[in-house]
Participant: 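Here you go, one structure.
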Amino acid sequence: MLDYNTAINLRSKRWHASNLEVDEMRSDKQERHDRLCGLILKAVADNGQEKDGQIWALKPMTEWEKLMGLTRRSIHDLIKIEPIQTLGTGAYEDDGSFRRIVALRVGEVGSTVEKTKRHLANIMAKIFREKTGKSVHRKSYGCLIGLAEIWPEGHQVAIFKDMLHNWGSFMVAAKFRINIDQNVLGIEGLKQRYYRFPIIGLLRRYPYVAQDAFLTHLQIGSGGKAILPFPYHYTDH
């Protein structure tokens, strides 16, 4: 783990060498950024928590604002500058409400944070909120992580966007699948319902239906000439 002085010196040398934007940063902004790096390193040392293979300083955004004495907008501006790395996460209160947590760490200049399943779930949750105006609660968020794990790597967000946009066609395909589960496979307890609006849990129940519907939409949109990014999944367990 980098100590504060090493991180600042390393950043200064590399940024000056590559003429990155931070070299032209105003001295007051540079001072705030250096101070935030110091707070992050101290928080990691005092109470760092492991997320996706790295140690992070996890605090609500309001606490970062209080520690720095800055507005949320100013904090967002600072954490976009290397070597600070961010990871969106969250925590649930006893009443079931979701509290936004900001995870920060000081990394190597030029390094990136790999898009983990949690990253992808956060991206899909944001898309869902923007599309439907509804919040993503604990159970649904878990379903998004499951979809990020099941759907083909690199295509999870595209599939999710397509299902929200073409929800009606997914429902038709899902209904057909439910008929097979009931009448061919003999699965009991399934209900024939038509949901007018996207339900994350239903996508998680039939992820391969969504996956195959996505491929069909690609073919239709290209007149059957699209090169499929992954094969159809004909057997859904």
Participant: Of all heavy-atom pairs between Y232 and T216, which one has the smallest distance, and what is that distance?
Facilitator: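 That closest heavy-atom pairing would be OH-OG1, 3.0 Å.
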Participant: Could you tell me the separation between the OG1 atom of T86 and the CG atom of L78, rounded to the nearest 0.5 Å?
Facilitator: 12.5 Å
Participant: Quick one: does L203's side chain get under 4.5 Å of F160's, heavy atoms only?
Facilitator: yes
Participant: Would you indicate whether the side-chain heavy atoms of I75 and M61 approach each other to under 4.5 Å?
Facilitator: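 Yes; the side chains approach each other to less than 4.5 Å.
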Participant: Are any of the side-chain heavy atoms of I84 and C37 separated by less than 4.5 Å?
Facilitator: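 Sidechains of C37 and I84: in contact.
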Participant: Where do M124 and L144 come nearest, in terms of heavy atoms and distance?
Facilitator: CE-O, 3.5 Å
Participant: Which distance, rounded to the nearest 0.5 Å, do you find between the CE of M163 and the CD1 of I127?
Facilitator: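 Rounded to the nearest 0.5 Å, the CE-CD1 separation comes out at 13.0 Å.
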Participant: Side chains of E149 and I145, heavy atoms from C-beta outward: is any pair under 4.5 Å?
Facilitator: yes
Participant: Nearest 0.5 Å please: distance from the NZ atom of K161 over to the NZ atom of K131.
Facilitator: 11.5 Å
Participant: What distance separates R105 CZ from W56 CH2, expressed to the nearest 0.5 Å?
Facilitator: 5.5 Å
Participant: Testing the basics here: between H217 and S169, what is the closest heavy-atom pair and its distance to 0.1 Å?
Facilitator: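 Heavy-atom minimum between the residues: NE2-OG, 3.0 Å.
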Participant: Could I get the full list of ring-ring contact (aromatic ring centres under 6.0 Å, His included) partners for F170, not counting sequence neighbours?
Facilitator: W167
Participant: Transitively linked via ILVMFWY side-chain contacts under 4.5 Å: I220 with M171?
Facilitator: no
Participant: For the residue pair R138 and Y141, establish whether any side-chain heavy-atom pair is separated by less than 4.5 Å.
Facilitator: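 Answer no - side chains too far apart.
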Participant: Taking atom CZ of R118 and atom CD1 of I123, what is their separation to the nearest 0.5 Å?
Facilitator: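 Reported to 0.5 Å precision, the distance equals 13.0 Å.
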Participant: Please round to the nearest 0.5 Å and tell me the distance separating atom CG of D28 and atom CZ of R32.
Facilitator: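 Taking CG in D28 and CZ in R32, the distance rounds to 5.0 Å.
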Participant: Exactly one of I40, L39, L36 should register a side chain to side chain contact (heavy atoms under 4.5 Å, CB included) with V106. Which one does?
Facilitator: I40
Participant: Is there a side-chain contact between I150 and Q156 (heavy atoms, below 4.5 Å)?
Facilitator: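 I150 vs Q156: side chains apart.
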Participant: How close do H155 and P229 get, counting heavy atoms only, and between which atoms?
Facilitator: CE1-CB, 3.3 Å
Participant: What is the minimum heavy-atom distance between A173 and V209, and which atoms define it?
Facilitator: CB-CG1, 3.5 Å
Participant: Which heavy-atom pair separates R204 from G146 by the least distance, and what is that distance?
Facilitator: NE-CA, 3.7 Å
Participant: Heavy atoms, side chains only, cut-off 4.5 Å: are P152 and I159 in contact?
Facilitator: yes
Participant: Verify, without hydrogens or angle tests, whether W151 (side chain) and P207 (backbone) share a donor-acceptor contact under 3.5 angstrom.
Facilitator: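 Flag set: sc W151 to bb P207 pair under 3.5 Å.
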Participant: Distance-only, no hydrogens or angles: does the T132 side chain make a donor-acceptor pair with backbone N or O of K134 under 3.5 Å?
Facilitator: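 Yes, the answer is positive, given that a donor and an acceptor are paired below the 3.5 Å cut-off.
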Participant: Hey, are D77 and R73 close enough for a salt bridge, meaning a charged N less than 4.0 Å from a carboxylate O?
Facilitator: no
Participant: Can R72 and E65 be counted as an ion pair, charged N to O under 4.0 angstrom?
Facilitator: yes
